[in-house]
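Quick notes on the structure that follows.
Throughout, numbering of the chain's residues begins at 1 and tracks the sequence.
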Amino acid sequence: MGDFITMIALTDNFAVTPDDLLRQHLLILGATGSGKSTSAVTILHDLMMQNQTTIIIDPTGEYTKLPHAIVAKLGYNAFIDYEQLTGAEIAQIFGVTEAVATEKVVDAWQSLKIQKNVVRQSGIYQKVNRPWATFEADAQRLYDYPQPADMHLLPEQLQQEFAVPTDDFDLIGQTIDQAGFRTLLPLIRRIKSQTSQPAFQQLFNLPSRKKIATVGMRTDVMYLMRLFSSQRSEQKILVIDLSELADNLGLGKVVVSLLMTALLRIKQTGTQQLPVTVLIDEAHRYLLQQPGVVDGILRVAREGRKAGLYLMLTTQSPLDLPAGLLGQFGNYLIHRLNTATELAQLPALAPLGQRIALQQVGEAILAGNQFVPPRELQIRQVAAMQHQTASPKFF
């Protein structure tokens with residue numbers, strides 16, 4: 001993979017190499033208003049000025065005014081193309097976590113693709129009274145890049161996935177297991193509700209059965225990530241704005257996981273071995289902690305380094321992160337933390353606990369595998385990179 005080629009000036013008289021700072025991932029910690037975001041944009045600025053590729057996952061839109069930002073606002077001028085999602089990812093979108101339900105969604109999504117591309121008829125793929133041999137032949141004819149299936153038909157197709165035989169076991173089924181299907185009724189209602197909402201249709205680029213007002217040009221965010229990952233950035237930053245999802249945190253978590261999984265896949269399969277740094281701001285908002293679900297952020301933390309994909313996370317407290325994720329970070333930039341419980345998550349810094357608790361805005365301690373002993377810093381502010389983080393004042 002390619003290496004970084006620049007220095008990052010964290011203060012007016014202290015600079016580090018990006019390799020030392022980022023290649024074991026960087027966690028930026030601190031209470032609200034302690035200077036986390038300023039530290040992040042200072043690092044991003046120096047990377048950007050040397051044409052190093054950076055991507056920001058922005059939950060509130062506060063980074064959209066940064067100079068040279070290419071802004072992809074999901075649900076507005078950018079979308080995730082549902083056609084490129086796997087059946088398991090479709091299940092995630094609708095909040096499915098149980099293994100049996102996930103398997104049914106995966107099967108239903110495959111069936112709808114077969115109906116569209118092999119049978120080449122509208123409607124659902126009937127499994128009642130269909131021989132297994134016919135289905136297996138149809139599945140083998142389903143090529144890698146099929147025409148899109150109709151997600152609106154997913155509830156009806158799910159019912160067909162409960163086809164069961166009664167006396168002819170050469171058939172997929174002769175009747176529907178209604179009791180089994182009824183266990184998915186909450187999911188069915190959720191699918192029908194979400195796929196009928198214009199905001200959901202905009203987010204995943206679903207065909208709409210009603211006219212929706214849109215901006216002139218909309219772009220597939222996966223395409224933008226591939227573009228940024230394959231070449232030097234020319235002093236541009238890709239900002240993926242999630243502010244349209246602010247009222248649906250559950251979906252936001254799934255979307256970030258999908259984006260991180262897709263970016264990891266892009267880096268692992270791409271031919272250009274350029275380093276890519278991803279800032280996930282306020283990362284605690286977007287951690288999937290569901291049994292049986294592998295979070296995309298955690299996957300990048302574990303697997304990204306070999307592919308040249310490096311994480312920079314900001315969050316208010318080390319308590320926000322599960323132990324498995326916290327342990328993936330080799331370096332920390334620690335602003336003010338307010339409680340002893342938080343400091344206890346960083347035992348190596350126990351001798352500096354009092355200093356950490358008393359830090360002023362912009363002060364931070366840089367610690368980690370590459371920074372022994374830790375260094376106390378006053379992070380410099382880059383005037384050109386000011387962004388909207390200040391809370392409104394009463395007077």
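Both tests hold for K104 against F162: distance to the six-membered ring centre under 6.0 Å, angle to the ring axis within 45°. For the pair R130 and Y125, the cation-pi criterion (under 6.0 Å, within 45° of the ring axis) is fulfilled.
Interatomic distance, CG of L358 versus CZ of R336, reported as 10.0 Å (0.5 Å rounding). The line from CD of Q50 to CE of M7 is 11.0 Å long, rounded to the nearest 0.5 Å. Interatomic distance, L337 CG to S317 OG, rounded to the nearest 0.5 Å: 6.5 Å. Separation of atoms CG (L298) and CG (L287) is listed at 9.0 Å; rounding is to 0.5 Å. Atom CG of L158 is separated from atom CG of D107 by 9.5 Å, given to the nearest 0.5 angstrom. Going from atom CG of L47 over to atom OG1 of T42 covers 11.0 Å, rounded to the nearest 0.5 Å.
Here the closest non-hydrogen pair linking G87 and V106 is C-CG2, 3.6 Å. Across all their heavy atoms, Y82 and P148 have their closest contact at OH-CB, 3.4 Å. Counting all heavy atoms, side chain and backbone alike, T261 lies closest to G296 at OG1-CA, 3.5 Å. Residues V128 and T175 come closest through the heavy atom pair CG1-N, 4.3 Å. Among all heavy-atom pairs drawn from S39 and I379, the shortest one is OG-CG1, 3.4 Å. Considering all non-hydrogen atoms of both residues, V361 and G33 come closest at CG2-O, 3.3 Å.
Within the 4.5 Å cutoff, no side-chain heavy atoms of N77 are placed close to those of T219. You'll find the side chain of Y63 reaches within 4.5 Å of the side chain of S37, heavy atoms only. In this structure the side chain of I8 never reaches within 4.5 angstrom of the side chain of T17, judged on heavy atoms. Side-chain contact between L29 and H335: absent, with no pair of heavy atoms (C-beta onward) separated by less than 4.5 Å. With contacts defined as side-chain heavy-atom distances shorter than 4.5 Å, the pair I56/L66 qualifies. Counting heavy atoms from C-beta on, the side chains of V278 and L309 come closer than 4.5 Å. Contact of the I237 side chain with the H68 side chain is not registered, since no non-hydrogen atoms from C-beta on lie closer than 4.5 Å. In this structure, the side chains of Q84 and M222 stay at 4.5 Å or more apart for every pair of heavy atoms.
Below 30°, between 30° and 60°, or above 60°: for F135 and W132 the angle between ring planes is above 60°, a perpendicular geometry.
Under the 4.5 Å side-chain heavy-atom criterion for grouping Ile, Leu, Val, Met, Phe, Trp and Tyr, V382 is connected to L44 within one hydrophobic cluster. The hydrophobic clustering, which links ILVMFWY residues whose side-chain heavy atoms are closer than 4.5 Å, places Y223 and F204 together. L85 and W109 fall within the same hydrophobic cluster, where Ile, Leu, Val, Met, Phe, Trp and Tyr residues are linked whenever their side-chain heavy atoms come under 4.5 Å apart, directly or through other members. Transitive grouping of hydrophobic side chains (ILVMFWY, heavy atoms separated by less than 4.5 Å) brings I176 and L187 into a common cluster. Hydrophobic clustering (side-chain heavy atoms under 4.5 Å, transitive across Ile, Leu, Val, Met, Phe, Trp, Tyr) groups L352 together with L27.
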- Message: Run the side chain to side chain contact (heavy atoms under 4.5 Å, CB included) test on T277 and T53 for me, step by step, so that the C-alpha distance in whole Å, both residues' side-chain angles and the decisive distance to 0.1 Å come before the verdict.
- Response: CA-CA 6 Å; T277 302; T53 300; over 6 Å; no
- Item | Pair L242-D58, side chain to side chain contact (heavy atoms under 4.5 Å, CB included): steps then yes or no | CA-CA 6 Å; L242 304 182; D58 182 1; over 6 Å; no
- Message: Walk me through whether T315 and L313 qualify under side chain to side chain contact (heavy atoms under 4.5 Å, CB included).
- Response: CA-CA 7 Å; T315 192; L313 264 56; 6.0 Å; no
- Task: Show your working on side chain to side chain contact (heavy atoms under 4.5 Å, CB included) between S243 and T60 and close with a plain yes or no.
- Result: CA-CA 5 Å; S243 58; T60 62; 5.5 Å; no
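Looking at Q24 and N331, their side chains never bring a donor and an acceptor atom within 3.5 Å of each other. A donor atom on one side chain and an acceptor atom on the other are found under 3.5 Å apart for Y310 and R23. At a cut-off of 3.5 Å, with distance as the only test, a side-chain donor of T166 or Q174 sits close to an acceptor on the other residue. If you check the side chains of R232 and Q52, you find a donor sitting under 3.5 Å from an acceptor.
Without hydrogens or angle criteria, N51 side chain to Q235 main chain gives a donor-acceptor distance under 3.5 Å. Counting only distance, with no hydrogens or angles, the side chain of S230 and the backbone of L227 share a donor-acceptor pair below 3.5 Å. Looking only at distances, no side-chain donor or acceptor of D320 sits under 3.5 Å from a matching main-chain atom of H284. A donor-acceptor pair is defined here as one N or O able to donate and one able to accept, closer than 3.5 Å; no such pair exists between the side chain of S193 and the backbone of R190. Y332 places no side-chain N or O within donor-acceptor distance of the main-chain N or O of L346, the cut-off being under 3.5 Å. Side-chain N or O atoms of T102 include none that pairs as donor or acceptor with a backbone N or O of A88 at under 3.5 Å. In this structure, D46 contributes its side chain and A9 its backbone to a donor-acceptor pair below 3.5 Å. A distance-only check finds no donor-acceptor pair linking the side chain of K73 to the backbone of V239 [under 3.5 Å]. Using modelled atom types, no side-chain atom of H25 and backbone atom of Q328 make a donor-acceptor pair closer than 3.5 Å. Judged purely by atom type and a 3.5 angstrom limit, N117 uses its side chain to pair as donor or acceptor with the backbone of Q147.
The number of heavy atoms from other shown groups lying within 6.0 Å of CD (Q354) does not exceed 12. The neighbour count for Q378 CD, taken as heavy atoms of other residues, nucleotides or ligands under 6.0 Å away, is above 12.
With sequence neighbours excluded, no residue satisfies side-chain hydrogen bond (donor to acceptor under 3.5 Å, both in side chains) with Q370. Partners of Q157 under the side-chain hydrogen bond (donor to acceptor under 3.5 Å, both in side chains) rule, at least two apart in sequence or in another chain, are E161.
Ionic pairing of K192 and E156 is present here: one or more N-O contacts between side-chain nitrogen and carboxylate oxygen are shorter than 4.0 angstrom. The pair D81-R218 does not count as a salt bridge, with every side-chain nitrogen at least 4.0 angstrom from each carboxylate oxygen. Ion pairing between E89 and R265 holds under the 4.0 Å rule for side-chain N and carboxylate O. The existence of a salt bridge linking E363 and R355 is confirmed by a sub-4.0 Å separation between a basic side-chain nitrogen and an acidic carboxylate oxygen.
When the options L321, L259, I280 are evaluated for a side chain to side chain contact (heavy atoms under 4.5 Å, CB included) with I297, the one that passes is I280. Considering K127, Q126, K116 as possible partners of S111, the one that fulfils the side-chain hydrogen bond (donor to acceptor under 3.5 Å, both in side chains) test is K127.
The aromatic ring centroids of F200 and F94 lie less than 6.0 Å from each other.
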